[in-house]
Amino acid sequence: MKDLIIPSKRNNYNPFFSTRLAMVILTLWVLLANSFSGILIESFGVHATNMTATRIIQLTNEERAKMGLNPLKSDANLASAAHAKANDMFEKQYWDHFGPNGESPWDFIRGAGYEYVYAGENLGKGFTTSEGVHQAWMASPTHKDNIISANYEDIGIAIVSGELHGETLILVVQMFGNRSRPVTAEGSSVEQTVQQIEEVVEETSPTPAPSPAPQREPEYIQGDSEDGKTKSIRIVSPEEDVTYTDPQIPVKGETENVEMGETIQIIKENSVLGETKVEVDDVWEFRNSHDWQEGRNYIDAVISGSDEKYRDSVKFFIKSSPPEVLGIDVIREDGEFHIVINVEEDAHEVSLIIGSDIIEGDIVDGVSEFTVLEGELSKTVFLVVTDKHGNFVQEDITDYFVERETRGSFSLAGFINFNVSSIQRFITVLLATFILGVLLVQVYFYNREDKLKERSGDFLMVGVWWLVFLFGSFIGYSGTIY
């Protein structure tokens, strides 16, 4: 084994693990191991992924922040539409923005109760990580246009596994929307496009923008400056007694007769949270380094160095946690499933997504009930619970309608759970780490024998191989977008 790794006179300073033949053999081993691990785990009915809707939305908003755009808010209706679209593609066996019967993304979005002015859709299949599918979208100009479009305010993500054209894989549907007035010049039209994921919109009659809320009169906003002009400061956002779902909502404000660059302090409970500067046009903005606390928040904005004479205060509320599902009970009787969903008090809406159908239920005393024919439950079933502020939780409850002896799981010793993605990733990372170790050992011995320069070409080849496999193991870049 030593001669396979360590260069010496006995192997003519050419150990096996530094040869191209070794790289070919190890590559084939990874491919075969990943394939067989997939077959092994899939035979137990497990379809797993390291993707999450939260992470994809985070990556999307990071891209938008680089462009100075507003962050997109996770929307329950768009998430329901995305799940319905993914289920419909599996059910009708197609991979397209438009279904075989003319089903369009807009049909699913409107069917989920989202009345839009702008809407868009990105699709991905075969990816195993959030970073992988996001990077693929960003590498495509038309998909990227959706992600960084200023016309969108909301986003919904579906990550659903199933069988498409004989292949078991994961579909990702990313839907965008805007219920507000279009971001276009006055009088311009909004045309629908049918190109691949280009900014896809439908011509509509814009909904008039709501009348702005009356401005609140601050308690302490003025005083005399040294030149006799009246100084003032006002918090524009967040607004008084309004509840927000974004725990990182920035504090924005405006001033009058205050020099650009002057310091504004944000104070909460007699402690200075941080400072910001007055910018051009007498506006300022402060972003808290931490999330605002759930519930009531009371803050002051003070012009620094003014003996706290010039200040404004605001009280606002944060509700960012989704409603909790307290229990799910499924009773099978006479060819029907009776489904009872118990939710916490602040739940406002409960929906079941069965295939491409969205069924809304009523909530009475924290309980929502559904009755579904047994034949309809052969499809994927998602539960979506939303509160009145728009926070929501989504859960795949398909397993509740499968006989227990056939439910998909694969465990070792009763507590170690594996899935396709984790086993394949483990194999690839293990091999990449081994090759890195071999590479470092060989560098040491070649340097000691003064043969490092002579072997630089082989090291470059091994190093590139190692980086590609290690990058692939963490990113999960394989897949298709549309």
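Taking the ring centroids of F401 and F337, they lie under the 6.0 Å cut-off.
Judged by distance alone, the side chain of D107 and the main-chain N or O of S104 form a donor-acceptor pair under 3.5 Å. Between the side chain of Y310 and the backbone N or O of V302 there is no donor-acceptor pair closer than 3.5 Å. Of the possible polar contacts, one joining the N77 side chain to the A112 backbone as a donor-acceptor pair under 3.5 Å is found. Looking only at distances, no side-chain donor or acceptor of T255 sits under 3.5 Å from a matching main-chain atom of V258. In this structure, E254 contributes its side chain and W284 its backbone to no donor-acceptor pair below 3.5 Å. One N or O on the side chain of Q93 and one on the backbone of F90 form a donor-acceptor pair closer than 3.5 Å. Panel note: side chain Q293, backbone R296; a donor-acceptor pair is recorded below 3.5 Å. A distance-only check finds no donor-acceptor pair linking the side chain of H389 to the backbone of Y244 [under 3.5 Å].
Among E369, R332, E333, the single residue meeting the side chain to side chain donor-acceptor pair (under 3.5 Å) criterion with H338 is E369. Just one of H143, K85, Q174 meets the side chain to side chain donor-acceptor pair (under 3.5 Å) condition when paired with E121; it is K85.
One distance of note links NZ of K268 with OH of Y298; it measures 13.0 Å at 0.5 Å rounding. Interatomic distance, CD1 of I147 versus CG of L69, reported as 12.0 Å (0.5 Å rounding). Between the OG atom in S368 and the CD atom in E360 there is a gap of 10.0 Å [rounded to 0.5 Å]. Separation of atoms OG1 (T243) and CZ (F316) is listed at 10.5 Å; rounding is to 0.5 Å. I353 CD1 to D357 CG: the interatomic distance, rounded to the nearest 0.5 Å, is 10.5 Å. Here D154 contributes atom CG and N178 contributes atom CG; the two are 7.0 Å apart, rounded to the nearest 0.5 Å.
No more than 12 heavy atoms of other residues, nucleotides or ligands sit less than 6.0 Å from atom CG of D281. For E262, the CD atom counts as densely surrounded, since its 6.0 Å shell holds more than 12 non-hydrogen atoms of other residues, nucleotides or ligands. The number of heavy atoms from other shown groups lying within 6.0 Å of NE2 (H290) does not exceed 12.
Considering all non-hydrogen atoms of both residues, D246 and I318 come closest at O-CD1, 3.5 Å. Heavy-atom minimum distance, S320 versus T245: CB-O, 3.2 Å. Of all heavy-atom pairs spanning G124 and W137, the tightest one is N-CZ2, 4.0 Å. Across every non-hydrogen atom of Q394 and A53, the tightest pair is NE2-CB, 4.0 Å. In plain terms, the two heavy atoms of M175 and A82 that are nearest each other are SD-N, 3.7 Å. Between F370 and I359, the shortest heavy-atom distance links the atoms CE2-O, 3.7 Å.
Within the 4.5 Å cutoff, no side-chain heavy atoms of I155 are placed close to those of D75. Proximity of T386 to N391: side-chain heavy atoms (C-beta onward) are nowhere separated by under 4.5 Å. A 4.5 Å side-chain heavy-atom check between E63 and L59 finds every atom pair outside the cut-off. Looking at R179 and E153, their side chains never come closer than 4.5 Å, going by heavy atoms from C-beta outward. At least one side-chain heavy atom of P238 sits under 4.5 Å from a side-chain heavy atom of V251. Contact of the M51 side chain with the V133 side chain is registered, since non-hydrogen atoms from C-beta on lie closer than 4.5 Å. Annotation: side chain of F286 is not in contact with side chain of I235 (no heavy-atom distance under 4.5 Å). Contact of the V372 side chain with the I354 side chain is registered, since non-hydrogen atoms from C-beta on lie closer than 4.5 Å.
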Worked check of side-chain contact (heavy atoms from CB on, under 4.5 Å) between I264 and E275: CA-CA 6 Å; I264 305 295; E275 297 179 345; over 6 Å; no
Pair N70-R64, side-chain contact (heavy atoms from CB on, under 4.5 Å): steps then yes or no: CA-CA 7 Å; N70 61 293; R64 294 177 66 84; 3.1 Å; yes
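Look at K92 and E103 and you find a salt bridge, because one of the NZ, NE, NH1 or NH2 atoms lies within 4.0 Å of a carboxylate O, short of that distance.
Listed by first then second residue, pairs satisfying side chain to side chain donor-acceptor pair (under 3.5 Å) with a partner in residues 341-352 read K319-D346, not counting sequence neighbours.
Qualifying side-chain contact (heavy atoms from CB on, under 4.5 Å) partners for P141, counting only residues two or more places apart in sequence or in other chains: none.
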